[in-house]
Amino acid sequence: MLTSELRPGGRETAPTRLDDDDLELLLLIRHFERNLLDLFSAGKLNGTTHTCIGQEYVPVALARLLDDRDYVFSNHRGHGHYLSRFRDPAGLLAEIMGRDGAVCHGVGGSQHIFRERFLSTGVQGESLPVAVGVALHLKRHEPGALAAVFVGDGTWGEGSVYEALNMARLWQVPLLVVVEHNEIAQSTPTTLQMAGTIAARAAAFGVEHRRVESADVNAIRGLVAPAVERVRQANRPLVLEFATTRIGPHSKGDDTRTEEELRSVRARDWYLAYQKVFPDQFARLDTRQREAIERITRDVDARTPSRWEGSCPGQSES
Amino acid sequence: MLTSELRPGGRETAPTRLDDDDLELLLLIRHFERNLLDLFSAGKLNGTTHTCIGQEYVPVALARLLDDRDYVFSNHRGHGHYLSRFRDPAGLLAEIMGRDGAVCHGVGGSQHIFRERFLSTGVQGESLPVAVGVALHLKRHEPGALAAVFVGDGTWGEGSVYEALNMARLWQVPLLVVVEHNEIAQSTPTTLQMAGTIAARAAAFGVEHRRVESADVNAIRGLVAPAVERVRQANRPLVLEFATTRIGPHSKGDDTRTEEELRSVRARDWYLAYQKVFPDQFARLDTRQREAIERITRDVDARTPSRWEGSCPGQSES
Amino acid sequence: MPRSERIVENLNAALHRLFAEDELVYLIGEDLLDPYGGAFKVAKGLSSKYPDRVLTTPLSESGFVGVANGLALCGNKVVTEIMFGDFALLSFDQLCNFAAKSVTMYGSRLPLRLVVRCPVGGHRGYGPTHSQSVQKHFIGVPNLWLYEMTPLHDNGAVFAEMLAREEPCVFFEDKTLYGQRRWVDGDDDVFRFDFLGERGQYGRATPEDVDRPDCVVIATGGTAPLALEAARRLFLESEIACHVLVPYRLYPFDIDPISSLLERADHIVVVEESVAGGTWGAEVAQHIYGRLWDRLNDRIRLVHSAPSIIPTAPHLERQVLVQSESVYATVREAIRD
Amino acid sequence: MPRSERIVENLNAALHRLFAEDELVYLIGEDLLDPYGGAFKVAKGLSSKYPDRVLTTPLSESGFVGVANGLALCGNKVVTEIMFGDFALLSFDQLCNFAAKSVTMYGSRLPLRLVVRCPVGGHRGYGPTHSQSVQKHFIGVPNLWLYEMTPLHDNGAVFAEMLAREEPCVFFEDKTLYGQRRWVDGDDDVFRFDFLGERGQYGRATPEDVDRPDCVVIATGGTAPLALEAARRLFLESEIACHVLVPYRLYPFDIDPISSLLERADHIVVVEESVAGGTWGAEVAQHIYGRLWDRLNDRIRLVHSAPSIIPTAPHLERQVLVQSESVYATVREAIRD
Ligand SMILES: Cc1ncc(C[n+]2csc(CCOP(=O)(O)OP(=O)(O)O)c2C)c(N)n1
Ligand SMILES: Cc1ncc(C[n+]2csc(CCOP(=O)(O)OP(=O)(O)O)c2C)c(N)n1
Ligand SMILES: [Mg+2]
Ligand SMILES: [Mg+2]
C-alpha cells in the first residue's frame, strides 16, 4: 500500500515527554516568532513575515531525521525550518531586521534564505522541480542523502508540484516532500482550493505517501523514520503530510478566520499541551528561551545595518 | 467508484457493423491524412502536420455524443477531431495548403484551427484551463452543454493539466477530458514520461475516469454515453481515456519505433478489421472516400493562395 | 495637494462600477473573497455583492489565467488579479501564446475582453521575488496591450477602455500608489495638472505658465510621484521647469499627443522602476528618436533602478530602487551637459 | 563561400566535446534519446555515449528547467533544450525567479552553470506558436545572459564561455541556421570574414578593403544570412559598402569592440526577426545613442518583422517575417534620406 495514515499519538492524546533539547527548540521557534510579531507591531520590522506558530513541531520532529548532507528547501513560512536546522536565531533575526551578521546580509529577508544546503524562496511550488534535480544529483554522487521540500497544502494548486512528482518517480530519486497541511492558504480554506486529497495526488504518480495526525514529536519520529530511511536507501520519493494548524495570522494581522475557528485552532496548540503535562520542565525552558530571544533581539537591534557587497553590482560586464 | 475500465468490444474482438455514415467518416479521416503524407512526400506541403492514423475512431465515436453547443478543444493531432465535427475536408485541406477557402485563411495551419466552438492550438496542455473557463460559462448560461478537450498521454506531463483538473472539480463544471493514450509522445514511450496512471491522476482530484479499451465505434458509444450525459446533467468533470495506437509517424517521417513495434501497432488498425469483417460495405465506402479526397485535393490544389485581411495588421493604433 | 480619494479606493470603486453595470464582468484570482478582499484589498466588497462572479482560485497562476481566457472566449469581460506581478511570469504562456495570439492567429478577429492586473514594484520590503517591475517582459507581443495605473487617471475610464478594446490587456499597479491620494482638482502649490490627448492619454504636471519646458520627464504611473517630487525641487531650487508626463497606456507607445511638446523641450528624461535592459523606457526612447530625430537637442536619458535584484532590507532596497534623487540628478546632468 | 560543416553539426560537435571533457555536463529536455536525438537533431549521439547524463523528460517545460536548476545548484553544468523557444515562456518563472535571482539574492554569490537552449524563428511554416523570436522577453533580467548562435562563431567556444560565466544563460538558435554551412575559412567572392573584440565577440563580413563603411548592419545570428545577402546586393549593384556585424552575445550588449567602427559609419541598421516592441534592436540602439550621440550622422534604423503573429502558410509567413529585401530597403532608405 502506498498511502497510510499514521495516527498513534494523535492531536487529542497527551504528548510524551521530550528531552530538553527538543522542547527547547520548539520554544525557541515559538518565542522567536512571537517576538517577530511584536517587533512588527512596534514598527521595528518592515516588509512581510510568515510565522509558523502552531506548526513548529513539524520541523523539530524531522530535524533529527535529517542530516547535513541533505538539502532542505523551505518556503515563505520557513523560520521553523531554518532554526531547526541551524539553531541560529541571531543570524535569522539579523536577516529579518537587516542587521550586521544577517545570514544573507539582509538581501533575502524572511523568505529568501540560503545557507549551506538550506534554501528558501517566496514563489510557491518553484522549489519542487529544483529539489528533484538536487535529489537526482545526490542519488548519483552522495547515495544516502536526500532532498527535502517543505510545502503547504495550498501550494498543491501549482502545476509544478505535479511535474516534479512525475519526474521524481520516473527517475526514482530521494525526494522527501513534507506537506504542512494546515487547512488554509493565506485566507482561503483548503475546501475552496483543493479537490481530492494529497494522499491521492501522491498515489497518482506512484509516489509513497504518509499522513501524520500526531503532534507528538517523539511519536512522529518513530512513525516516520522508517519511511524516511526508505527514501534514502531505496531512492523512493515520499510525500509526508502533516495534519497541522496555523495558529497565527498568514503574515501579520491578516487573519480573517472567525473567533470560533481561531479558538478551535488555538486549543490544539502543542504549547498548551506540553505546558499542562510537563509544567516544570516547560516553565524552566520556556523562560530560558523567552529570555534568550529577548537578549538576542536587544543585541541584534543594536547592530549596524547589514552590508552587501553587491549592493549595486550590475552584471559584471565582460 | 470513480474509475473503471470499459472492456467490452476490446481491441481483439471483431468490430460490430457501422452505419455507412460512421464508416464513411472513419475512412474520410484516414484518406485525408494518408493524402497529407503523400503531399508532404511530394513536396507540396511545408511546415509540419500530425496525423491521427489509427486513432480516427475516437473522435468518430464521440461525434454523435457531442452537439453544436459543446466546445471542443483540439490539439496538434487534430484533423480527426475537426473532420468529425464539421466534415469539411476541403476547408481543412485548404488551410493546410494555404489555399482559398481555408477555414482560417491559412494563418493557423494544421495546428491552429478555430471554427464556431472548435479551437485547437499547438501548445500542449494550454487548452485545459481554458476549457475549464468555458465549462464554467456553459454551466451558468447554457446548462447541458459541455467543454471537451482532446489531449495525448504525453501532455499529462504538463502542470496545467492538474491546475485545470483541480479547478474543474472544485467548481463542478461540465468538462470532458478525452485522452488519446497511444503510449507514445513524439519519440518518447509512455513508460519514460508517465509515472502512475491516468486513472489515478483523475482520482487524485476526485474527478471521474473511464478507460476505454475498445476500438469499436458502436461499443464505445454505448459504454461512454451515460458518463458523458452525467457530465452534462450533473456538471461532473470526466476523464475519458482511450487506449489507442498511433500508426503513423509523429509528424512526417520521424518514426523511430522498431519494425516490430510498428508491426504490432499496425496489426491493431481498425481499418484492417472493418475491411476484413465487412468487405463489401468497406470496399464501397473506401473507394468513395479515396476518390472524394483525390477530387478535393485536385480542386484545392488548383485554387489561388489564401488571403488574409490582417496579413500585415499591426496593432490598430488608437 | 487637495484632499482626494486614495488610489486603491478609486480602483476598487472602478471594479464595483464595472460589476454593477455589466453582468458579464468577472474577477478571478487568489484570496479574493471578503473579508480578505485580495492581498491589496482591491477586491473589497465585490465577492459579497457578486458571489457568482468573483472566483477565488487555488494557487494556480497559469491555470487561472487560462480559466480567464476561457471565460473571455465565451464573451465575458474578465479581470484577473495576479497577487504579485512577479508571478505573472508563471502565466506567460497563457497570456502570450493563448490570449494574445488567439485574437488573430485563427485568420479572423476573435475578440477577447481580458485585463490581467499585476501589482508591481518595490519600496515595501517584500524582497526579490515580490517586488519586480515586470512590465518590460510583456512589451512587444502583438495584440497584448500594456497599461499602468497612475495617480492622475480615473481607473474606471481606463478599465472601460481596456475592455472595449476586445484584446487582452495587462494592467500594472505600482503597490506604492495604492495608499496614496489621487492628483485631482486642478492644482497643488507648484503644479497644475492637466491631460494631453483626445482621451487624456497623458496626465501632465506643469509649473504654472511654463509652455516651453526645460525638460520633459515621462514617467510610468508608479514612478510619477518620484518624478513629481524631483520636478518640484528643481523648480523651487532653480526654476528649472519640467513637464511631468504620465501615460496610462505603456504599450503600444502613443507619441502623437505629446510630440509637439517633446519638440519644444530642451531635454527628455524617461523614468521607470525596472532595471535597465529591454525596458519600456528604451522603447519610448526608440519611438522619440525615430520621430523627432531632427529636432532633438540632446540624447534621451533613461532613469532606472540599479542593475540588481531587489534586496529585502529597507536600507539595501533604497540603494537599488529608483528614487526621486535619481530623477533629480538626471535632469540636472542633462541641463549641465 | 567555401564548403564547411553545417551549423547543426558544429553545435552537435560542441556538445559532444563538452560531454567528453567534463563529467559534470548534463543535457536535459524532451525527446533527446537516440535515434531521435531531439526535434532538431542537435543531441544526436549523446544519449548513446552518455546515457546517464542525457535526461529525456516528460512534457514539463517548467519542471525540467527546475530540475536543471537543481542540478546546477549542485555544481553540475547543465544544458537544457526547450524544443521550441515559444515554450520557454512556460519556464519563465524558473529562469527568472529562480535561476537568475539565486545568483545574487541570497546576499553572496551562488554560481549556477546553466544554458537553456531555445530554437527560435520562423520561415519553416510551423505556425504562430512554434515560430516566435522570444529573445526580447528575456532581456534585462539581472544575471541572466542572452546568447545567440551565429553562422560565424564556433559553438564550442561559445558554450565554454557561457558555462564559465557561472550564471544562467539562454542560447537562442535560429532554426533556419541548423542546415546552413558556417562562414569560415576567410572569404567568399565578395566578403571577407573576420572578428572584432578580444574574444571575437563580433563576427564581421566586409567587402574587401572597405574601412569606412557606408552602413554598419548589426544583425542577430538568425538574421545574419539575410543581412549578408542584402549587403551583397547593395555592394554589387551600387558599391554601397556595408559591414555586417554579428554578435554571439545579445545581452548585456557590449558596445566596446565596435564603437570605433560605429563612429566611422554613415548609417547604422539593426536587424532582428522579432516584431517591434521592447526588442533587442531597441536595446542596441539605446546603447549606441547613449554612447555615440555626438558622433551620429543619422538615426539608427531597426528592421523587424511586421507587427503580427506569424502565420503558417508560406506565402503569408513571407509577408510577415523579415526578409533580405527589408534589410536592403532600409539601408537604401537610410542612404537616400
Ligand atoms: C506562486 C505564488 N503564488 C502566490 C503566492 C502568495 N502566497 C504566499 S503564501 C500563500 C499561501 C500558501 O498556502 P500554503 O501552501 O497552504 O502554505 P501556508 O501559508 O498555509 O503555510 C500565497 C497564496 C506566492 N508566494 N507564490
Ligand atoms: C508545451 C509543449 N511542449 C512540447 C511540444 C512539442 N510536442 C508536440 S506533440 C508532442 C508529444 C505529445 O504527446 P501526446 O500528448 O502523447 O500526444 P500524441 O502526439 O501522442 O497524440 C510534443 C512533445 C508542444 N507542442 N507543446
Ligand atoms: Mg496551508
Ligand atoms: Mg501520445
Side-chain angles (χ1 to χ4, degrees), chain B residues 45-49 76 94-99 102 104-112 121-126 151-161 184-190 192-195 250-251 254-258 304-308 310-317, chain D residues 29-41 43-44 47 55-64 66 83-84 86-91 93-94 122-132 175 275-277 304-321:
Chain B
L45 293 183
N46 84 325
T48 189
T49 201
H76 62 298
E95 182 62 36
I96 295 169
M97 299 185 81
R99 295 299 201 283
C104 295
H105 303 278
V107 178
S110 172
Q111 295 194 83
H112 314 90
T121 186
V123 185
Q124 305 301 331
E126 195 186 65
V151 293
D153 48 302
T155 300
W156 289 73
E158 297 288 351
S160 59
V161 173
I184 194 164
Q186 197 143 341
S187 74
T188 305
T190 299
L192 291 184
Q193 43 93 343
M194 183 185 292
H250 169 65
S251 46
D254 61 350
D255 208 325
T256 51
R257 290 176 289 188
T258 62
T304 54
S306 66
R307 283 148 51 112
W308 178 34
S311 63
C312 286
Q315 222 144 350
S316 53
E317 268 295 339
Chain D
E30 293 159 8
D31 294 292
L32 296 181
L33 300 191
D34 289 329
Y36 202 76
F40 296 101
K41 313 303 167 201
K44 267 259 181 275
S47 69
L55 298 169
T56 205
T57 70
L59 279 83
S60 309
E61 285 79 5
S62 170
F64 72 68
M83 192 184 286
F84 285 84
D86 313 66
F87 312 150
L89 303 184
L90 288 157
S91 340
D93 175 68
Q94 284 287 348
H123 297 286
R124 303 266 302 236
Y126 289 146
T129 61
H130 288 59
S131 307
Q132 294 168 83
K175 298 173 201 106
V275 303
H304 296 122
S305 294
S308 161
I309 57 96
I310 301 166
T312 306
H315 64 286
L316 300 176
E317 194 185 30
R318 206 174 302 124
Q319 289 170 34
V320 163
L321 293 180

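The figures here come from the full heavy-atom set of this structure, side chains too, leaving out hydrogens, waters and symmetry mates.
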For the candidates [options], which exhibits the highest count of non-hydrogen atom pairs separated by less than 4.5 Å from chain B?
options                               : answer
D/Ser131, D/Pro35, D/Ala276           : D/Pro35
D/Glu30, D/Glu61, D/Glu317            : D/Glu61
D/Ala39, D/Ser305, D/Gly125           : D/Gly125
D/His130, D/Arg124, D/His123, D/Met83 : D/His130
D/Gly63, D/Pro128, D/Gly127, D/Ala313 : D/Pro128

Output the distance between atom OG1 (B/Thr304) and atom NE2 (D/His315), rounded to the nearest 0.5 Å.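 NE2 of D/His315 is found 8.5 Å from OG1 of B/Thr304.
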
Rounding to 0.5 Å, atoms CG (D/Leu55) and CG (B/Leu192) come to a distance of 11.5 Å

The interface call for D/Tyr36 against chain B, heavy-atom contacts under 4.5 Å, is both

With only heavy atoms counted, which part of D/Ser60 is less than 4.5 Å from chain B, the side chain, the backbone, both or neither?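 D/Ser60 touches chain B through backbone and side-chain heavy atoms alike.
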
Subject >> Shortest non-hydrogen separation from B/Gly122 to D/Phe87 and the atoms involved >> reply: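 Between these two residues, the closest heavy atoms are O-CZ, 4.2 Å.
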
Q.
On a heavy-atom basis, which atom in D/Pro58 and which in B/Gly157 lie closest, and how many Å separate them?
A.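 Nearest heavy atoms, D/Pro58 then B/Gly157: CB-CA, 4.2 Å.
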
Legend entry - chain D contacts, top residue of B/Gly159, B/Gly108, B/Ser251 (heavy-atom pairs, under 4.5 Å):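 With the most close heavy-atom pairs to chain D, the winner is B/Gly108.
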
Pair count under 4.5 Å, heavy atoms only, with chain D: among B/Ser306, B/Gly98, B/Ala185, highest is B/Ser306

Item checked: Short side-chain to backbone donor-acceptor contact, B/Thr48 and D/Tyr126, under 3.5 Å ->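 Answer holds: no.
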
Margin query: Is it the case that the side chain of D/Thr312 and the backbone of B/Val107 share a donor-acceptor pair, with hydrogens and angles ignored and the cut-off at 3.5 Å?
Written below: yes

Side chain to side chain contact (heavy atoms under 4.5 Å, CB included) with D/Asp31: of B/Gln186, B/Gln193, B/His250, only one passes, and it is B/Gln186

#### Entry: Interface moiety of B/Glu158 toward chain D, non-hydrogen atoms closer than 4.5 Å
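Both backbone and side chain of B/Glu158 come within 4.5 Å of chain D.
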
TODO: Please state whether the side chain, the backbone, both or neither of B/Asp255 comes within less than 4.5 Å of a heavy atom of chain D.
DONE: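 It is neither, since no heavy atom gets under 4.5 Å.
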
- Report yes if the side chains of B/His112 and D/Thr129 come closer than 4.5 Å at any heavy-atom pair, otherwise no.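 Yes. Closest side-chain heavy atoms under 4.5 Å.
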
